[in-house]
Amino acid sequence: MPRKILVTSALPYANGPLHFGHIIEAVQTDIWVRLQKMRGNDCLYCCAEDAHGTPIMIRAQQEGIAPETLIARTAEEHRRDYAGFLIGFDQFHSTHSAQSRRFTVELYERLRDAGYIVRRAVRQAYDEQAGMFLPDRYLRGTCPRCKAPDQYGDSCEVCGSTYTPADLIDPLSTVSNSTPVWRDSDHLFFRLGAFEPMLRAYVAGGSLQGAVGAKLAEWFDAGLQDWDISRDAPYFGIEVPDAPGKYFYVWFDAPIGYIGSFEAWRAAHGASFDDYWKSEHATELYHFIGKDISYFHTLFWPAVLHGAGLRRPTAVYAHGFLTINGAKMSKSRGTFITAQRYLERLPPEPLRYYFAAKLGSGIEDIDFSLDDFVARANSDLVGKLVNIASRCAPFIERGGGRLAAALPDPALYQQFASQRERIAQLFETREYSSAIREIMELADRANRYVDQHKPWALAKDPGRAGDVRAIATEGLNLFRVLMSYLAPVLPQMSQAAAAFLGTDFRAWDAVATPLLDAPIAPYKPLATRLDPKAVASLIEPAAAAAAVAAAPDATVGIDDFSKLDLRIARVANAELVEGSDKLLRLTLDLGTEQRTVLSGIRAAYRPEQLTGRLVVMIANLAPRKMRFGVSQGMVLSASGAADGDGIFLLSADAGVRPGMKVS
RNA sequence: GGCUAGGUAGCUCAGCUGGUUAGAGCGUGGCACUCAUAAUGCCGAGGUCGUGGGUUCGAGUCCCACCCUAGCCA
C-alpha cells in the first residue's frame, strides 16, 4: 500500500536571489521526494514564493516598481535556479495568490471564531516622513547596554544583547533617516499559550529531532507568548477581513502558502483536500526547513493548524546552516554564493552529490569547502563510480555490444542488490551521508572486482572472450545497482546511465534482478571532472577587489607619505581588553614617551607573544576614542581580504631601536 | 548575555548505551597494473580526540569550568 505524502521545503523570500542555503535545503528535500517516488509512494512536493512583507514593499519602492512586479520577476529567477539544480517540484506557487489568500482568511476566521484571536494596542515606532510603522530591523540606534552605535532595533551585534526598540538610544528610521515617534495601534494576537498542552504532547510525540525538542523545551520554560499576527498599512500582504487597514504579518500567511500551493496542485490534478489537511492518518505531511525557522514551524504552525481544525505536520525536519570554508556566508567576504553564480560555472549534480555526502538527520552546520568539493566530486563520481562503467563498457562493445546471459558471480551481485532496503532506510531517515558512504564502499568493491579478474589480460586470449564479456557484464550490473541507489541524488546522470544500459531507474526494487542478455548503447562519458579554477571562482574576489578599489589608482606624492610619522616602538606591555574579543591593549615605548594603543590583532597574537617585540606604529595618528578607551596611534600589520587570511605584524631588522623614524 | 548544537589525522567526516594497539575517504610517500576521464589495486606514514580540572579499575565517550564556530532569543 503506497504511502500518501506531502512534502514542502521552506518558501524562498521574494526579495533576493537563491543562494547555497536555499539550494542545500531544496536538494535535501528533492532527494527525499525522489526516493519516495522510486519506492512507489504517492509523494507530492510543493513549494511557493514567500511574497509578502515590509522588505518586499520597501525594496519595490526603492526600485520604483510595483511589489507585484518585483515578486513576479524574483519568482521567475527562483524557478529558473531551482530548475537548474534539478529540483522536481510538483507545484511551485506563491503566497500572493488567490489560494493563499483564501486559506489565510479562512484559517484566521476559524481561529477568531474559536476565540484564539485577541486584539490589543501596541506601542511602536512610527516614521512620520515615510508614513509607516517601523519593523525592528528598520530602526537603528545606540545599544542601550553596551552603547555601541548604529545597532538594529531588536538586538546588538556588538554585545549580543536583545532588547525592544523603545530601549534604543537615539533611534533613527532607516527608511527616511528621520527620528521616529511612538504611536499606539491595535494589533491582532494569536493566543499561542492556549496551545501549550497540545504542543507539549505534540513535541513529545516524536515529530521533531532531539536538538529541536531541546530548543523547544527552552521556549516552553520561558512561557509561550501571544503572537502578533497583524501589521498596519502600508503593508504588502493580505488584508485582515474584519479590520480594514490591517494586514496579516507575513509569517502568518507564509506557512499557509504550503496549503495554497497544494490547493493549486489539487485543482489541476484532483485529490482530496481533507485527506491531506484534515486527517493525520490518511497522509503524511513533512516540512523541510532550516534550523533558524524552527520556532515558526514547530510552535506557531502546528498551533495555527490545530486551532483551525486542520491536521498537524507528521514531522518537521530541520537542517543546519551552510558555512563556506568554515565560516558563515558573507557578502563582504565574497562567500555569498548564489545559485545563479554556481550554475553559470558548474553542473548541478556534483553539488547535489556533495551536499548529499554531507547531510545527516541532525541540525549541525554543513561546511562547503571548495577544495573538498573538488576532491570529493572528482574522486567519488568520476574516479570511482563512473569509472566502473567506463572500464567495463569497452569489453562489451568489442564483444558485440550485448551483455552476457549469466553473471559469473551472482553472489556478489546479490550482496550489492540486497543493500537496497538498508540504503533506502538511510535516505528515508535523512542519513544521506551514511548512505553515500555505503554506496561508495560498494563502488570500491566493484572496482576491486574488475581489478582482481583482469579482463584486459584475458582479452589477449581470443578463446576467453566469453569470460571477458561475463566479467564486464558483472561490472556493469554492479554499476547499475549503484546508479539506481544514486538516482535520487543524480537524476540526470542516472538517466544517462539508464539510456546507456537500456533500462530505467524508475523503481527502487528493479535491481533485484540483474540485467542480462541485453544490448547496451555505446558508452559516452557520464560525468567529467570539475575544474578547480571554476570552483575557486565561486567565491567572489569582490572583497579583495573592493579593498584594492578603495585605494584608487591615483598615486600619492612623497609629501603625502611624509605626513605620516612612522616610528619603531617596543611593546612594553600587552593585555587583553575585557569585553572585547578582537582588541589588545598595547603599551608602546617610543624611547621618549609611552603610548596606549588598542589594536584589533587578538585573533592572531596573544599578549605574551608581543611583550618586548618591536613593531611599526603611526605616531601622529589622531587619538581615537573607542569603547574601551582612547587609542593613541596604530600598529602596522599586513592582512588579506578575508578574515581567515590572518594578521601579520610588521617588524624591522635587528639593530633597530625604539623611536627610530620609518621612511 | 541566556539557550541549543558542533569542535576527532593536512582536508571532510564516522565513532551506538564509557572497555583491548581511535576508524574511513581525500591528500601525501612507496609499489603494482594499463581495461578505464593520469582512472584502479596493494602497502605505509599522519591524531596527547578544543583547553583545564573531576568521577571511574578504565573516558573521544559521563560531570564541571573555560575557549572557538554556528543558530535562536518570537
Side-chain angles (χ1 to χ4, degrees), chain A residues 136 145-146 154-156 158-164 189-190 192 209-219 221-229 249 251 290-296 298-300 318-323 325-329 354 357-358 360 362-398 431 433-434 436-438 440-441 443-460 468 471-472 475 523-529 579 581 603:
Chain A
D136 297 351
R145 183 192 168 93
C146 74
D154 53 354
S155 65
C156 173
V158 175
C159 71
S161 61
T162 55
Y163 40 80
T164 66
F189 285 80
F190 172 63
L192 181 64
Q209 295 132 294
V212 177
K215 195 68 201 171
L216 257 54
E218 176 194 336
W219 289 326
D221 291 344
L224 300 181
Q225 306 293 306
D226 289 351
W227 181 36
D228 185 350
I229 60 163
Y249 175 43
W251 260 116
K291 64 180 178 179
D292 54 329
I293 55 174
S294 300
Y295 195 89
F296 296 100
T298 59
L299 291 182
F300 292 138
H319 62 258
F321 259 58
L322 190 74
T323 57
N325 282 342
K328 74 168 114 176
M329 282 196 274
Y354 185 70
K358 305 200 74 162
I363 62 166
E364 310 87 60
D365 290 343
I366 294 123
D367 187 46
F368 178 82
S369 154
L370 301 205
D371 294 342
D372 187 48
F373 171 51
V374 175
R376 194 85 189 248
N378 287 347
S379 158
D380 285 6
L381 255 25
V382 181
K384 292 181 180 182
L385 178 70
V386 165
N387 183 241
I388 303 165
S390 172
R391 69 194 304 198
C392 290
F395 295 114
I396 299 291
E397 283 171 38
R398 285 168 211 154
E431 297 292 358
S433 58
S434 300
I436 297 294
R437 205 167 40 241
E438 302 210 359
M440 278 307 133
E441 266 176 46
D444 286 341
R445 280 169 67 183
N447 273 312
R448 243 176 284 149
Y449 170 85
V450 179
D451 245 74
Q452 282 160 2
H453 292 80
K454 302 188 186 354
W456 59 90
L458 302 181
K460 287 171 185 157
V468 171
I471 292 161
Y523 177 80
K524 288 185 292 232
L526 292 165
T528 51
R529 291 169 175 281
D581 52 5

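Letters A, B, ... mirror the listed sequences (proteins, then strands); counts begin at 1. Note: hydrogens, waters and symmetry copies are ignored here, and every other heavy atom, side chains too, is used.
- Note: CZ (F395(A)) to P (U34(B)) measures 11 Å, nearest angstrom.
- The side chain of W219(A) lies closest to C72(B), out of C13(B), A39(B), C72(B).
- OP1 or OP2 of C13(B) lies within a sub-4.0 Å distance of a side-chain N or O belonging to K358(A).
- Closest to the R448(A) side chain, of the nucleotides G41(B), U37(B), G25(B), is G41(B).
- Comparing G25(B), A39(B), G71(B) against the side chain of F321(A) picks out G71(B) as the nearest.
- The shortest distance between the side-chain N/O atoms of K291(A) and the OP1/OP2 oxygens of U4(B) is not below 4.0 Å.
- Taking the C1' atom of each, C73(B) and U21(B) are spaced 47 Å apart, rounded to whole Å.
- Within the 4.5 Å cutoff, the side chain of I471(A) has no heavy atoms near those of the W456(A) side chain.
- Between the CG atom of D372(A) and the C1' atom of G27(B) there is a distance of 10 Å, given to the nearest Å.
- Distances from the side chain of P394(A) to the nucleotides C26(B), A5(B), A36(B) place A36(B) closest.
- Distance N447(A) CG to A38(B) P: 14 Å, rounded to the nearest Å.
- Note that R376(A) lies outside the cation-pi zone of F373(A), set by a 6.0 Å cut-off to the ring centre and a 45° limit from the axis.
- You'll find that the side chain of D444(A) is closest to G41(B), out of G41(B), A39(B), C72(B).
- Proximity of F368(A) to L370(A): side-chain heavy atoms (C-beta onward) are separated by under 4.5 Å at one or more points.
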